[in-house]
Protein chains: 2
Amino acid sequence: MRRQPTVTDVASAAGVSRQTVSNVLNTPQIVRAETRERVERAIASLHYRPHASARRLRTRQSETIAVRLDPVTDGISGSLLDRFLHALAERAGRAGFRVLLYTAADEPAEIAQFGRLLDGADVDAFVLTSTHHGDTRIDWLIEHDVPFVTFGRPWGVADMTDPEHLWVDVDGRHGLTLATGHVLDRGARRVAFLGWPAGSGTGDDRRAGWRSTMEARTDLSRAELDVLDLAVEEDPTDGSIAARLVATIDPAPDAIVCASDSLALGARLALGDRVPIVGYDDTPVARALGLSSVAQQLDEVAEGVLDLLIGAHRGRAGGAEGVDDPQHRLVKPRLVVR
Amino acid sequence: MRRQPTVTDVASAAGVSRQTVSNVLNTPQIVRAETRERVERAIASLHYRPHASARRLRTRQSETIAVRLDPVTDGISGSLLDRFLHALAERAGRAGFRVLLYTAADEPAEIAQFGRLLDGADVDAFVLTSTHHGDTRIDWLIEHDVPFVTFGRPWGVADMTDPEHLWVDVDGRHGLTLATGHVLDRGARRVAFLGWPAGSGTGDDRRAGWRSTMEARTDLSRAELDVLDLAVEEDPTDGSIAARLVATIDPAPDAIVCASDSLALGARLALGDRVPIVGYDDTPVARALGLSSVAQQLDEVAEGVLDLLIGAHRGRAGGAEGVDDPQHRLVKPRLVVR
DNA sequence: CCTGGCTGTTTGATCGATCAAAGGACAGCG
DNA sequence: CGCTGTCCTTTGATCGATCAAACAGCCAGG
């Protein structure tokens, strides 16, 4: 590991001062074009690269985003975070940002991590996933004025466009509208929904997509829809049990749309391919089973997160006065038909 | 974001000098017990935490490990890296290390990333996954004397205990010995192997586990084993095709052991549960399908990687003279029976 | 000819820690 | 009493960058 050249080396090579080199890198517009080119040549020929730690010490910014790696979910959709992380790391890298991982067993532990990472100036913004109603992490971050964006809406808040914090989410309701519409287009009429127990924002949102589509496009009564509306825990085994139950409904459902690929897998194992099934998340499992599935556009989510974090808002809700950009993004998912 | 206390603040609170505070943190044994306690109390009461960037600037160490997030594999086993990362991040955190992510489209791009991350003193060691024979990344890292450990053996090298670089791997051969032994114990005799085309170190290793167990514990001839030895690409669809082919063999196989859960899923979809199938990787899919599967002990792998990286070897093969610790770890997988 | 404004560049101080070397207290010994 | 060696603590310099302010050169205006 050879010694790296410093600004001073570049400066003397180019016949200018340290600060001018720094200006070329940080505020090139204030340097005369001719000087700038000379410095840039010196930078290139010496293979100079700024020392990140030194810069961070002075600027008190780390250009690093921290993301928590969830305790292993053990779910079929576990690789979702993986895909999101990949998209985020790639885009962050392009924008000159780094992505740091951390883990925490629970919320208090995570808040302790916040402190640790911030104090050391290791990190200057957070991306929170798996948020929920009454999330203490959000309160802490707001209180300490730390930039952050959540992947997940603030469920339970009256007006979600309210600038309490920045967020990006996928429009699950739209996803289920697509899924339900798709099977209806293919001739189904009695479409069952296999989802999670009421109370989870995400689950209810997806259910609403199914229900509103059914109400709009079929003449099934409320009561009939209630019968077609199943709620079980996120687990293929539970999905199988529910699917067998669905099959006994008379008249039998034409199709099943699910809140997740886990449930879809369970349904598929129980029912085979007699009944069209649509999953959610477009995991490898759906691909392997040949199931249609709603794909979250994680690239777009990552893009949105970074925009909010390093764009005009700089990760703070209402922080940038007079910025018209929306303080959230609702990404439309896509239906992958198989 | 309140101003953080610095060493100087702690020093004056404790009535000592900066350096003594620093010593308490870094080399506590040289500080008198009484002084140390006084300083520790001051640290606690001020909630002092060292500024990571400042320390890094001075020490030229970042206590940060970089791991590449693979281009999305889209495989059933995609979440393996996820689980490994989680284990690594958790253990690294406990040891005071951070884990930084990066992405790269190909090897040259990854090597460019090495340079970028090292120059900025962002990172002082790398963990490489998905290594292969003739990996140019390894040559580069050795040449530039950068500490690193690979998750994956140096296939194609005569003596793998050779200290060319540090590595950790899972003993796939042992895994297939377990899997094959298990179905033999349950009464199977003609056990087929569903794996990948010869040439991949990992795949051949797993195949060898199956083959040696069959040779040792059954009286099937070489030719008979050759018939039971299938090789297809890593994809459930290909797995299904191969499994249907296997079923036509006369006499029919009693069981199938697979090189991956993807293949096992394919086999399971093609054959149902008539034939016992054992997968590899213990992914959520195997769990959902109720398939037995060989579980890589990723916790142990992560542990091993960190040991090599921050233990006596400090990430350099042969670097630490007189250290007797082995320069690699071969982790034994476990069979999860379902 | 001096002053003021503007542009572009340089200088000295600083961020918060650690390193290297010096310094002080005290005991043991001649 | 003075010298030496231990043990512990302090002092000044330094890591590599940016900030803030000073400075030089030039032109326009009085």
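Just so we're on the same page: letters track the sequence lines, and every chain starts at 1.
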Item to check | Candidate pair A:Thr64 and A:Arg56, rule side-chain contact (heavy atoms from CB on, under 4.5 Å), full reasoning | outcome: CA-CA 10 Å; A:Thr64 302; A:Arg56 292 207 267 264; 4.1 Å; yes
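- Proximity of B:Leu298 to B:Val331: side-chain heavy atoms (C-beta onward) are nowhere separated by under 4.5 Å.
- For the residue pair A:Thr103 and B:Ala89, the shortest heavy atom distance occurs at CG2-CB, 3.7 Å.
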Checklist entry - Going through the distances and angles, do A:Val301 and A:Phe151 end up as a side-chain contact (heavy atoms from CB on, under 4.5 Å)? => result CA-CA 8 Å; A:Val301 174; A:Phe151 175 8; 3.8 Å; yes
Checklist entry - Taking it one step at a time, do A:Arg55 and A:Asn26 satisfy side chain to side chain donor-acceptor pair (under 3.5 Å)? => result CA-CA 11 Å; A:Arg55 163 181 280 169; A:Asn26 299 300; 3.3 Å; yes
Item to check | Intermediate values then yes/no, side chain to side chain donor-acceptor pair (under 3.5 Å), B:Tyr102 and B:Glu110 | outcome: CA-CA 9 Å; B:Tyr102 66 96; B:Glu110 187 164 358; 2.8 Å; yes
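- Residues B:Phe126 and B:Leu118 meet the side-chain proximity criterion, which asks for heavy atoms closer than 4.5 Å.
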Next on the checklist: I need a per-nucleotide contact map over nucleotides 13-22 of chain C, read 5' to 3'. Cutoff is protein heavy atoms under 4.0 Å; write B for the base, S for backbone only, - otherwise.
Outcome noted: BBBBBBBB--
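- For the OP1/OP2 pair of C:dT10 and a distance below 4.0 Å, the side-chain nitrogens and oxygens of A:Thr20 include at least one atom meeting the criterion.
- Of the possible donor and acceptor atoms, none in the side chain of A:His86 sits under 3.5 Å from a partner among the backbone N and O of A:Asp82.
- A heavy-atom distance below 4.5 Å is not found between the side chains of B:Thr150 and B:Val168.
- Contacts of residues 32-39 of chain A with DNA chain C (heavy atom under 4.0 Å): A:Arg32, A:Thr35.
- A:Ile142 is listed as a side-chain neighbour of A:Glu164, based on a closest heavy-atom distance under 4.5 Å.
- In the helix from C:dC1-D:dG30 to C:dG30-D:dC1, the end axes, each obtained as the rotation axis mapping the C1' atoms of four pairs onto the next four within a five-pair block, lie 70° apart to the nearest 10 degrees.
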